[in-house]
Amino acid sequence: MTEARLEIIDLTVRFGGVRAVDGLSLSHSQGGVLGLIGPNGAGKTTVLNVLSGAAPPTSGEARLNGRRITGLRADRIARAGVARTFQNLQTFHSLSVLHNVLVPLEARAAAKPVVGLFAPLLRGGQLRQRAADLLGRVGMADQLDTPVASLPYGARRRVEVARALAADPRLVMLDEPLAGLSRAESDDLARLIRSVADSGVTVLLVEHDMVAVMRISDRVAVLEQGQLLADGTPAEVQADERVRSAYLGDELDYDPLLHKGDKRAEAAARQRVATDPDAAADPGLAADPDVAADQEAAADRPPQTTDRRRREPRAQQ
Amino acid sequence: MTADTMRHEGRVRADRLRATARLLLPYAVFLAILLLVPAVFTRVPLYTMGNGVYMAILAIAALGLVPLTGFAGQISLGQAAFFGTGAYFSAILTVKSGLPATPAAILGMATAGAAAYLFGRYLFRVSGHYLALATLGLGLVLTIVASQLEITGGTAGVVGVPSLAPFGVELFDDVSYYYLVAAVLLVAVVVVDGLVRSWLGRSLTAVGDAPHAAASSGIDIAARKRLAFVVAAVLAAAAGSLYAHWAAYVDHHTMDLLLSLQLLIIATVGGIRTVWGPVVGAFVVVTLLQVSQELFPELSERVGGQAEIVLYGLALILVLLFLPKGLAGWASDVIQRLTRARAGADEGGAR
Ligand SMILES: Nc1ncnc2c1ncn2[C@@H]1O[C@H](COP(=O)(O)OP(=O)(O)O)[C@@H](O)[C@H]1O
Ligand SMILES: [Mg+2]
């Protein structure tokens, strides 16, 4: 597989007076995991929405392997090799685990000319096998026929990741995939993300769990108020003064990037999260009435705390 | 080892047989009920054979709402407009142009489908509740237009629509006409069931469940919604054609908004995510219609001859409150729970 070459060129997204993304330029062609971090409201989800076709940019553009993807319909972008998961977890709740992953496989099979609509019928067994394999990869092999709605939160997250991987994407964008997972689940998923990247798929990882981001990313870009604040290897970014102050104001003594587990730093981080309006709903999609309804359904969204020990996998109804 | 393999193969075969049985059993029950209706409806006091015909026609028209509303989550308030298209095409083409009934009906269905396709091309590019409002407008406009044009016979409508004579057998009474509409209903149920169980049904579900995730999975969500809309329009037109030949006349009331609402109520009360929903719903709604006319004729007078609307509303509220999946949806849940409990008991016993 050819490495994905992603170029974001002077991208701006405005919502009324808010510049969610403000003249962002960023290129990435070396594969691996590109971590995208930044405080809540920095514009990370909005970047993902533009790259996946869920939201139009105000100006600027994005290209994948030289081809302009901004302005394309979301399904066309998906076909060009971009897949994603959602911060507010969007599984197909009336389908089984297997069928959730079958959907993108069938959509891709149906996109073939001539045989078109019949391809998913003719290749049904093959597609099912592929879906089952993918689910095995995320540890869901023994729950293929379970309705996804009856799964606990962490398992649904994994189904969503398997669905994103289904159509052989070149670029997978994950929006806070580790949020709300237990420690063990989070470690497993982080390992999976790394193995996906090692298999040649470029991963754009938005994540609040700094320890995980720094561990699995090859490169980290930091957004603040829609602008690129810093960009480099995990070590470079961790050492960057501006990043540290953006995360903690002037309290450089308590740096969550470096001192995970420091009580006062975590308390400060929690406070910051608690006062952030983003913690209530995913604004990246809130303007769309369809999605607003989905969000009500997905009221089981995990708390956005940066303290991993406070997270618990939540049992779903 | 061979014994083991044989036992395994035997189990696989038994599983497959059970799955097929599970799929076909509802159809066997349905066919039996369809065949029993004439015997029952001609004997019991509340129903007439005409009720049986009307139920089947309403069920055909409401069936399209299963993929459209139940799966893709799109609400249409204009199904009566497509029903009316089928009815007017059949009436005008057979009465005024002397065309045989079958090509007339096919032209009506094709026109309704093409209109839905073109309408959908513009509508589904924007998300939200535009379809409900736009189809509401379409229905209202077409009703007025039909009452004004000369070709549709103005407010008088088109009278003298000939009765049907498939294979030379003239269907002049309700019992014989019933067998025709019941056969069409059976075919329509099979087709729609096949659609929603196929990968297309799965992608419609995906669109209804999480549109952004569906689009990011490579689904052209506008095209999927449009497909469901076209299917619903064609089915409504087919039902309209059958109605025109049965009632022998068509006027602008045939595409009244009340019919669109009635179809939505039928699908919702019966269960909008299963093909059995519209069938059960049509039975309930026609029963309520009969009850209101037979038992409360004086109430009917006081509210202007439409007492059934009160009962429809009541049924809708009760179902939405207590059986949100509709009667058929609830029944299938109960059956599933029972079979699972039995399977569990079997397994326990084997151990
Ligand atoms: N659909 C929207 N309508 C209005 N404002 C939005 C919308 N989406 C995002 N925003 C705003 O844009 C900013 C960036 O949001 P977002 O991309 O979700 O940030 P992040 O994912 O980094 O937390 C926030 O100030 C948010 O309130
Ligand atoms: Mg976000």
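Values below: every heavy atom of this structure, side chains too, minus hydrogens, waters and symmetry copies. Proteins get letters first, then strands, A, B, ... in listed order; numbering begins at 1 in each.
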Are there more than 12 heavy atoms of other residues, nucleotides or ligands under 6.0 Å from atom CZ of A:Arg76? no
Looking at A:Arg68, I'd like to know if its CZ atom is crowded, meaning that more than 12 non-hydrogen atoms belonging to other residues, nucleotides or ligands lie closer than 6.0 Å. yes
For B:Thr205, which atoms come within 4.5 Å of any heavy atom of chain A: side chain, backbone, both, or neither? side chain
Between B:Ala214 and chain A, which part of the residue has a heavy atom less than 4.5 Å away: side chain, backbone, both or neither? both
Just how far is it from atom CZ of A:Arg73 to atom CD1 of B:Ile219, taken to the nearest 0.5 Å? 12.0 Å
Euclidean distance, B:Ser203 OG relative to A:Glu106 CD, rounded to 0.5 Å: 7.5 Å
Using non-hydrogen atoms and a 4.5 Å limit, figure out which bit of [X] sits close to chain B: side chain, backbone, both or neither.
{"X": "A:Leu95", "value": "both"}
{"X": "A:Leu102", "value": "side chain"}
{"X": "A:Thr91", "value": "backbone"}

Any side-chain to backbone donor/acceptor pair from B:Arg202 onto A:Val103? Under 3.5 Å, distance only. no
I'd like to know if the side chain of A:Asp75 reaches the main chain of B:Ala215, judged simply by a donor and an acceptor atom lying under 3.5 Å from each other, with no hydrogens or angles considered. no
Sequence neighbours excluded, which residues qualify as salt bridge (Lys or Arg N to Asp or Glu O under 4.0 Å) partners of B:Asp333? B:Lys325
Partners of A:Arg137 by salt bridge (Lys or Arg N to Asp or Glu O under 4.0 Å), sequence neighbours excluded? none
Does the side chain of A:Ser94 come within less than 4.5 Å of B:Arg273's, by heavy atoms? yes
Find the one option among A:Pro104, A:Gly53, A:Ala166 whose heavy-atom pairs under 4.5 Å with chain B are most numerous. A:Pro104
Could you report the tightest heavy-atom contact between [X] and [Y], atom names first, then the distance?
{"X": "B:Ala210", "Y": "A:Phe92", "answer": "O-CE2, 3.7 Å"}
{"X": "A:Gln90", "Y": "B:Ala213", "answer": "O-CB, 3.5 Å"}
{"X": "A:Ala78", "Y": "B:Ser217", "answer": "CB-C, 4.3 Å"}

